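As the structure is a computational prediction, the values presented were derived from the model and not from experiment. Quick note: numbers below take in every heavy atom, side chains included, and nothing from hydrogens, waters or symmetry partners. The sequence lines fix the lettering, A, B, ..., with proteins before strands; numbering per chain opens at 1.
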There are 2 protein chains.
Amino acid sequence: MKFSCNRDNFTEGINIAMKAILGKTTMPTLECFLIEAKDDHIKLTSNDMQLGIETTIPAEVTEPGMVLMNAKTLSDYVRHLPQEKVEVEVDDNNTILIFSGSTRFEHMGLGDDDFPRLPEISFDQEITISQFTLKEMIRQTIFSISSKENNKLLTGELFEINKDELRIASLDLIRVSIRKIKLDKEYDHIKVVIPGKTLNELSKILSTDKDDMIKISFSKNHVKFEFKDTLIISRLIEGNFFNIDQMLKNNYETKVKVNKSLFFGCIERASLLIHETDKNPVVFNIKDGEMKMEIKSTHSSMNEDVTVEKEGNDLRIGINPKYIIDVLRVIDDEDINLYFFNANSPCFIKNKEESYIYLILPINI
Amino acid sequence: MKFSCNRDNFTEGINIAMKAILGKTTMPTLECFLIEAKDDHIKLTSNDMQLGIETTIPAEVTEPGMVLMNAKTLSDYVRHLPQEKVEVEVDDNNTILIFSGSTRFEHMGLGDDDFPRLPEISFDQEITISQFTLKEMIRQTIFSISSKENNKLLTGELFEINKDELRIASLDLIRVSIRKIKLDKEYDHIKVVIPGKTLNELSKILSTDKDDMIKISFSKNHVKFEFKDTLIISRLIEGNFFNIDQMLKNNYETKVKVNKSLFFGCIERASLLIHETDKNPVVFNIKDGEMKMEIKSTHSSMNEDVTVEKEGNDLRIGINPKYIIDVLRVIDDEDINLYFFNANSPCFIKNKEESYIYLILPINI
């Protein structure tokens, strides 16, 4: 096997394929890229058995072939090469030689026999959306997936297609985050749960350019993402996701409109008093025109007023400020709306179009 | 006690005084600032028993007084205050109230009885140099202090004044780093060892403006640094530092002049092959006009040539590339000079004026 390519293209491809390389494994092949040289490109494949990535890099291939190379080692070498032109040669013993300028790296590769190839799956349905939109939807919901492995479903995000609407949702047992967008046309119903890790890694390599598109295909057990020179296949999480619609309400007893950045500053100050040992809530005292926030810890207390527009009943309710901070961090609107029922019912943060809906359970006070 | 001051000045003072606050202690007073309001300023004092800091902040003092407040809590609160004007009130029970805009923090402070005041010491001799110069000298030598507490002296840096020369040096058992500058006049001989931690913390708050000066005063057991509104007192490390002059040599058998950035790139690539399990050296093969570098690990090898100007004998010598990287990182010269004797003697990296001298022991090959 023999090829030459551009160092920066090579590095870019390596960075993408690295997302499916686990840190330490007991199987050396899972720490490797499968490097295939063929036609006018090389293809890097990585597979951690949950998530598989294939990405191609333009190359001048003199002698086609395949080899396995430790991914971290390849990444370190290529990133540090002195010149843009990189030449790679692999002999029959899988000895890999990398040349650039007067640098010569030599590394013992492995044969490709044991490498787990990406599965051949027939996908039933596909949608195409903007990479930027998907990246945003993930950012705006992923923070409320559960990190606890004992309920596997909650470590993923619901992807649901209803006619011409895509809804992404995540929940732990205290809050729910939902984002919706309109699709270009109507599709058959899809309801799958994609692992949080897949979405996190995918999100890191998605473009921030609104015009760059991504194709998402679904099968019973897998989801596939295709964009530019890259293809990502992930297993889905099996099981029935919670019925989210049951948790949502359209009416309210109290509605509060508040300037986001004023509210954010205040909630951030309140969260300074949350120590690991005493998880006290912020108590919101909502009256006409003003929301008073108050929090107490063992040695400290803090209170502050924020001007608001209120509709409906006065209310006194306790909420963990960290959950509100998580939501305010991902909303870009200037003003936000909070909807309440009573001191024991969830608080909703949502916009008029309900393109985002956040639900947070209160704390008893 | 009652005063008002500017939030950003307050934050700046807090950041300085934080440098002598330990993370977790068994003495709550050591996690506190002593806050004193007097005349037209407040004074923050911190003391971790090795290092003590006093810094003043302009303030409008309505009622003088003193209180102890947890440093981290004060830092968190003040940094997050919504408005520039901060008002602080402390009542007779040491309850501290902090007001800014419509925010009101309340915190239980402590009386100042147990706080360890900074010692009153008479200092024998003082010098004044540029803060930037001191910061640079520390940066260029501190990396070779030892982190091992079993030889306390090596965890500090030698500060030695000989007539009109200040010399700073550090060493672990494999290398020595030395920086020298000329002083404005001749002084009495001084030879002290300042803890690495003191210099690290000091370095973080020194100005990068060459015109900002710092006064350094020495006594038998302490060193004092004074600049702008801040005073830092540190204990010295007791004992006789190694005789550095004995290790230095003025002649050489082989001299190599090499472009720093080319050399740096090559050594960085070589260091990729150093794994924790096999600490192999880079083997330097020095000949007329060229230096060939080679390194082998269990699964990999790398070699590269660099063009050099050589004087004296050919040489083959093994050196840990990490030690060379540490030196190259802090030298700003375009070309650097390496001086060798033989494969078993230290390598020297120094400039003509010997304002810096680095000594690195070779590895047997």
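- Annotation: maximal heavy-atom pairing with chain B below 4.5 Å, among A:Gly109, A:Gly101, A:Ser102, occurs at A:Ser102.
- Listed options B:Asn70, B:Asn303, B:Ile96 were ranked by heavy-atom pairs under 4.5 angstrom with chain A; first place goes to B:Asn303.
- Your options are B:His107, B:Arg79, B:Met108, and the one with the most heavy-atom pairs under 4.5 Å with chain A is B:His107.
- A side-chain donor-acceptor contact under 3.5 Å links B:Thr103 and A:Arg269.
- Salt bridge present: B:Lys310 and B:Asp288 bring a charged side-chain N and a carboxylate O closer than 4.0 Å.
- Looking at B:Asp326 and B:Lys322, no side-chain N of the basic residue comes within less than 4.0 Å of a carboxylate O on the acidic one, giving no salt bridge.
- With 3.5 Å as the limit, one finds no donor-acceptor pair spanning the side chains of A:Ser4 and A:Glu60.
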